[in-house]
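Presented below is the structure to which this report refers.
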Amino acid sequence: MAPLYQQHPIYVTNSLSGKKEELLPLKEGYLGMYVCGPTVYSNVHLGNCRTFLSFDMIFRYFRHLGYKVRYVRNITDAGHLENDADEGEDKIAKKAKLEQLEPMEVVQRYTVDFHQTLERLNFLPPSIEPTATGHIIEQIELIKEIIDAGYAYVQNGSVYFDVIKFNEDREYGKLSGRKLEDMIANTRELTAQSEKKAPQDFALWKKAEPQHIMRWPSPWGDGFPGWHLECTAMSTKYLGKQFDIHGGGMDLKFPHHECEIAQAEACNGETPVRYWLHANMLTLNGKKMSKSTGNNIYPNEIFNGSSPLLTRAYSPSVVRFFMLQAHYTSILDISESALQASEKGYLRLMDGLKRLETLDAGKNSDFDLKAWAANCYKAMGDDFNTPILIAHLFDGVKFVNQAQEGKMSLNASDLEEFKRLFKAFIFDVLGLLAPQQQSGNNKALDGAIQLLIDLRTQARGDRDFATSDRIRDELANLGVQLKDGKEGTTYSVE
RNA sequence: GGCAUCGUGGCCGAGUGGCUAGGCACAGCUCUGCAAAAGCUUGUACAGCGGUUCGAAUCCGCUCGAUGCCUCCA
């Protein structure tokens, strides 16, 4: 049988063209994807997670279709300058001083936090997770190439990218829709005298002041790499001079990704990325979450209910489901009422799945499984439209519920196929977990509740409603909901 | 100020020219010993103004409002 990816085309919104284009890999059956990872100088907040979640879902769908994917997501551990002025302080070094830690200790702490958080949200690990500090040599080599190509200049032990020179030969600003002339016209007066030739120029290598802790030797003296260089160095190393997909948060479009394009084009003469994908922001109170402004919410605060913005806890899968109910290119605002609505929807979906597992096959099929499956794939193929996919999944739930009431049925082979696809979309593609998978499967609890259900059924048979209602209500108080159906009683735990 | 995006019913959120996703909430009905769960049914939309079109939430213009980027940020 032909691989799934041959049957299900994917159209993606390419930020470079601003249009939806069919995704055609450089090499059939293979995909290279690079996503800008976090800067590990503080705990990862939920906004960060949304971007990585979007690409986790995309990665999962590629894999589901049978693509062999090399997914590279870096860890920025070399620190960035605090501002564009010459007297910058390394972000990580600053934090280290604050907490009396070695810079690499800071990096380690927050890298671990990052991994733990993503694991709770059921992320798949990327194929390669390279660090900036592990690729200093590659970055230095890249700078040499850019200098040799004539697009960079050395100044007092630092190296800068010559944007104006580059723009004479190529185009700077094509990703973000900016024109260099406009940028020059709009530049504010520089407060400090700069060693850069033009304000638009950006650092490839910065000279380290004596007090700067994070430093490496280079042909231009001791220093550290510029902000945009690591991604070019690592994406080139692991995916090649040209690769299929580059992703990241919308806020990185300019200048970060613009500079990546410039750096790569400066040494390779060809544009590095065929499809640029940008995930939109998660907002809180209508504003972007940000480490620096403090407008943010941390995943753990949601999972354990400690956030002052919430009245109780919400599970990682609910958070995941909430985010996947919006398209990844749309801004999404988080609120408790939105989380609550998502939680109910998520539980309904999971209930449907549980019922599907116990469904008996009928003689014939009243459900157009082929059309349903085609719609699911079409939704995902249309720029990974998970909200539409979820809508189709709810159509599936509706069918399952009707089937359980004996109103509809599926024949044996269709039922098996339906189960397989339904689970594939929920678990493999969306990456959700069943509620019991999150709290640890508990055989003792299940047995105990089953016993109570049996006792209640017996009491109801004896018309001893005082006893039966007591069992039902007391369990409800404990967060266990009993559901009477045609085929007997099931339960769900909050 | 420049560039870009967005403004959908009570709430969240899909939808790029005609056939009006989905979830949550609300109401009625069925089922039930009563409920819950489930099913069925119904309602309230496309910021405003103007234009293009036989026809616009969807295209164009203007106005108002919000957000992102222009300094690190997913």
Side-chain angles (χ1 to χ4, degrees), chain A residues 15 18 20 35-39 41-42 44-55 76 79-85 88 91 173 176-179 182-183 185-188 199-200 227 247-256 258 278-283 286-293 296 321-322 325-327 329-335 337-346 348-349 351-352 355 375 379 382 385-395 397-398 400-402 404-405 407 460 463-465 468-469 472-473 476 481-486 489-492:
Chain A
S15 305
K20 248 182 222 180
V35 172
C36 291
T39 305
Y41 67 93
S42 65
V44 61
H45 63 63
L46 197 66
N48 303 122
C49 294
R50 185 188 180 202
T51 295
F52 303 131
L53 173 67
S54 297
F55 290 103
T76 297
H80 288 325
L81 290 176
E82 281 285 292
N83 55 51
D84 203 15
K91 219 169 221 182
S176 53
R178 283 158 217 251
K179 291 205 166 12
D182 295 345
M183 289 167 59
N186 285 314
T187 303
R188 306 171 209 116
Q200 288 73 32
W227 320 302
M250 204 70 124
D251 50 350
L252 297 184
K253 207 169 176 183
F254 187 89
H256 185 61
E258 206 70 74
H278 285 99
N280 219 324
M281 300 292 103
L282 179 72
T283 59
K287 302 266 187 206
K288 179 188 168 188
M289 284 194 202
S290 163
K291 290 175 185 174
S292 45
T293 62
N296 52 32
F321 186 74
F322 161 72
Q325 271 188 303
H327 193 254
T329 58
S330 297
I331 292 173
L332 176 66
D333 193 67
I334 188 169
S335 64
S337 58
L339 272 179
Q340 265 169 4
S342 286
E343 183 177 64
K344 290 204 176 172
Y346 160 76
R348 185 171 140 85
L349 184 64
D351 257 12
R355 287 180 184 150
N375 282 335
D382 186 10
N385 200 323
T386 51
I388 297 286
L389 173 67
I390 289 171
H392 293 316
L393 292 178
F394 276 113
D395 287 342
V397 169
K398 200 170 202 174
V400 168
N401 287 332
Q402 286 177 324
Q404 216 201 14
E405 294 195 351
K407 293 179 184 166
R460 291 177 74 202
R463 301 194 67 78
D464 177 7
F465 297 124
S468 69
D469 287 357
R472 179 226 282 163
D473 298 341
Q481 191 193 23
L482 298 187
K483 297 167 184 179
D484 297 328
K486 284 232 161 42
T489 302
T490 56
Y491 76 93
S492 64

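Below, read A as the first sequence line, B as the second, and so on, with proteins coming before strands; counting in each chain starts at 1. Values below: all heavy atoms of this structure, side chains included; hydrogens, waters and symmetry mates excluded.
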Next on the checklist: If we count only N and O atoms by modelled type, under 3.5 Å, do the side chains of Thr329(A) and Asn280(A) hold a donor and an acceptor together?
Outcome noted: no

Item to check | Stepwise side-chain contact (heavy atoms from CB on, under 4.5 Å) test for Met289(A) and Ile334(A) | outcome: CA-CA 10 Å; Met289(A) 284 194 202; Ile334(A) 188 169; 3.9 Å; yes

Item to check | Watson-Crick or G-U counterpart of G17(B), or none if no pair lies under 3.5 Å | outcome: none

Checklist entry - Just how far, in rounded Å, is P of U41(B) from NZ of Lys407(A)? => result 10 Å

Checklist entry - So does Asp484(A) pair up with Arg460(A), basic N to acidic O under 4.0 Å? => result yes

Checklist entry - Which one is paired to U30(B), where only Watson-Crick or G-U wobble pairs with both distances under 3.5 angstrom count? => result A38(B)

Checklist entry - Given that Phe322(A) and Gln481(A) both sit by RNA chain B, which one's nearest nucleotide is further toward the 5' end? => result Phe322(A)

Next on the checklist: Parallel, tilted or perpendicular, judged at 30° and 60°: which one describes the rings of Phe394(A) and Phe321(A)?
Outcome noted: perpendicular

Next on the checklist: Contact between Val400(A) and Glu405(A) at the side-chain level, heavy atoms closer than 4.5 Å - yes or no?
Outcome noted: no

Next on the checklist: Please report the distance separating the P of G43(B) from the corresponding atom of C3(B), rounded so that it comes out in whole Å.
Outcome noted: 45 Å

Item to check | Minimum-distance nucleotide (side-chain atoms of Pro387(A) versus G33(B), C73(B), A21(B)) | outcome: A21(B)

Checklist entry - Of the nucleotides C73(B), A21(B), A37(B), which one has an atom closest to the side chain of Thr39(A)? => result C73(B)

Next on the checklist: Does any part of the side chain of Asn296(A), heavy atoms only, come nearer than 4.5 Å to the side chain of Leu46(A), both counted from C-beta?
Outcome noted: no

Item to check | Over-ring placement of Arg178(A) relative to Phe254(A), 6.0 Å and 45° cut-offs | outcome: yes

Checklist entry - With both distances kept under 3.5 Å, what pairs with A47(B), Watson-Crick or G-U wobble? => result U63(B)

Checklist entry - For the side chain of Phe465(A), counting heavy atoms from C-beta on, which of C34(B), G33(B), C70(B) is nearest? => result G33(B)

Item to check | Gln325(A) versus Thr386(A), side-chain donor and acceptor atoms under 3.5 Å | outcome: no

Checklist entry - Does Ser290(A) put a side-chain nitrogen or oxygen below 4.0 Å from OP1 or OP2 of C72(B)? => result no

Next on the checklist: In this structure, how many angstroms lie between the P atom of G65(B) and the CG atom of Asp333(A), rounded?
Outcome noted: 20 Å

Next on the checklist: Using atom C1' in both nucleotides, what's the gap between G48(B) and G13(B) to the nearest angstrom?
Outcome noted: 23 Å

Checklist entry - For A56(B), which nucleotide is its Watson-Crick or G-U wobble mate, given both distances must be under 3.5 Å? => result none

Checklist entry - Mind checking whether Thr283(A) and Leu332(A) have side chains closer than 4.5 Å, heavy atoms only? => result no

Next on the checklist: For a quick check, tell me whether the side chain of Asp484(A) and the base of A35(B) share a donor-acceptor pair closer than 3.5 Å.
Outcome noted: yes

Checklist entry - Asp382(A) and Ile388(A): side-chain contact (heavy atoms from CB on, under 4.5 Å), yes or no, with the steps? => result CA-CA 10 Å; Asp382(A) 186 10; Ile388(A) 297 286; over 6 Å; no

Checklist entry - Taking any strand in view, what nucleotide pairs with C69(B) in a Watson-Crick or G-U wobble way, both distances under 3.5 Å? => result G2(B)

Checklist entry - C70(B) base to Arg178(A) side chain: any donor-acceptor pair below 3.5 Å? => result no

Checklist entry - So do Lys288(A) and Met250(A) actually touch side chain to side chain, heavy atoms under 4.5 Å? => result no

Checklist entry - If you pin Thr283(A) and Lys253(A) to their nearest nucleotides in RNA chain B, which one's is more 5'? => result Lys253(A)

Checklist entry - Hey, does the side chain of Asn401(A) come within less than 4.0 Å of A38(B)'s phosphate (OP1/OP2), counting only N and O? => result no

Next on the checklist: Using Watson-Crick or G-U wobble geometry with both distances under 3.5 Å, which nucleotide pairs with G9(B)?
Outcome noted: none

Could you write out each protein N or O paired with an N or O of nucleotides 7-10 of chain B at a distance under 3.5 Å?
none

Next on the checklist: Does C70(B) have OP1 or OP2 under 4.0 Å away from a side-chain N or O of Ser176(A)?
Outcome noted: no

Anything under 3.5 Å between a protein N or O and an N or O of nucleotides 23-29 of chain B, put it in a table, one pair a line.
from   : atom 1 : to        : atom 2 : distance (Å)
A25(B) : OP1    : Lys344(A) : NZ     : 2.7

Next on the checklist: Measuring to OP1 and OP2 of U67(B), would you say a side-chain N or O of Lys287(A) lies under 4.0 angstrom away?
Outcome noted: yes

Item to check | Donor-acceptor pair (no angle test) under 3.5 Å: Asn385(A) side chain, G15(B) base | outcome: no

Checklist outcome for this item: Closest of A74(B), G33(B), G22(B) to the Asp469(A) side chain is G33(B)

Item to check | For atom CD1 of Ile390(A) and atom P of G22(B), their distance in whole Å | outcome: 14 Å

Item to check | Minimum-distance nucleotide (side-chain atoms of Lys483(A) versus C34(B), A37(B), A74(B)) | outcome: A37(B)

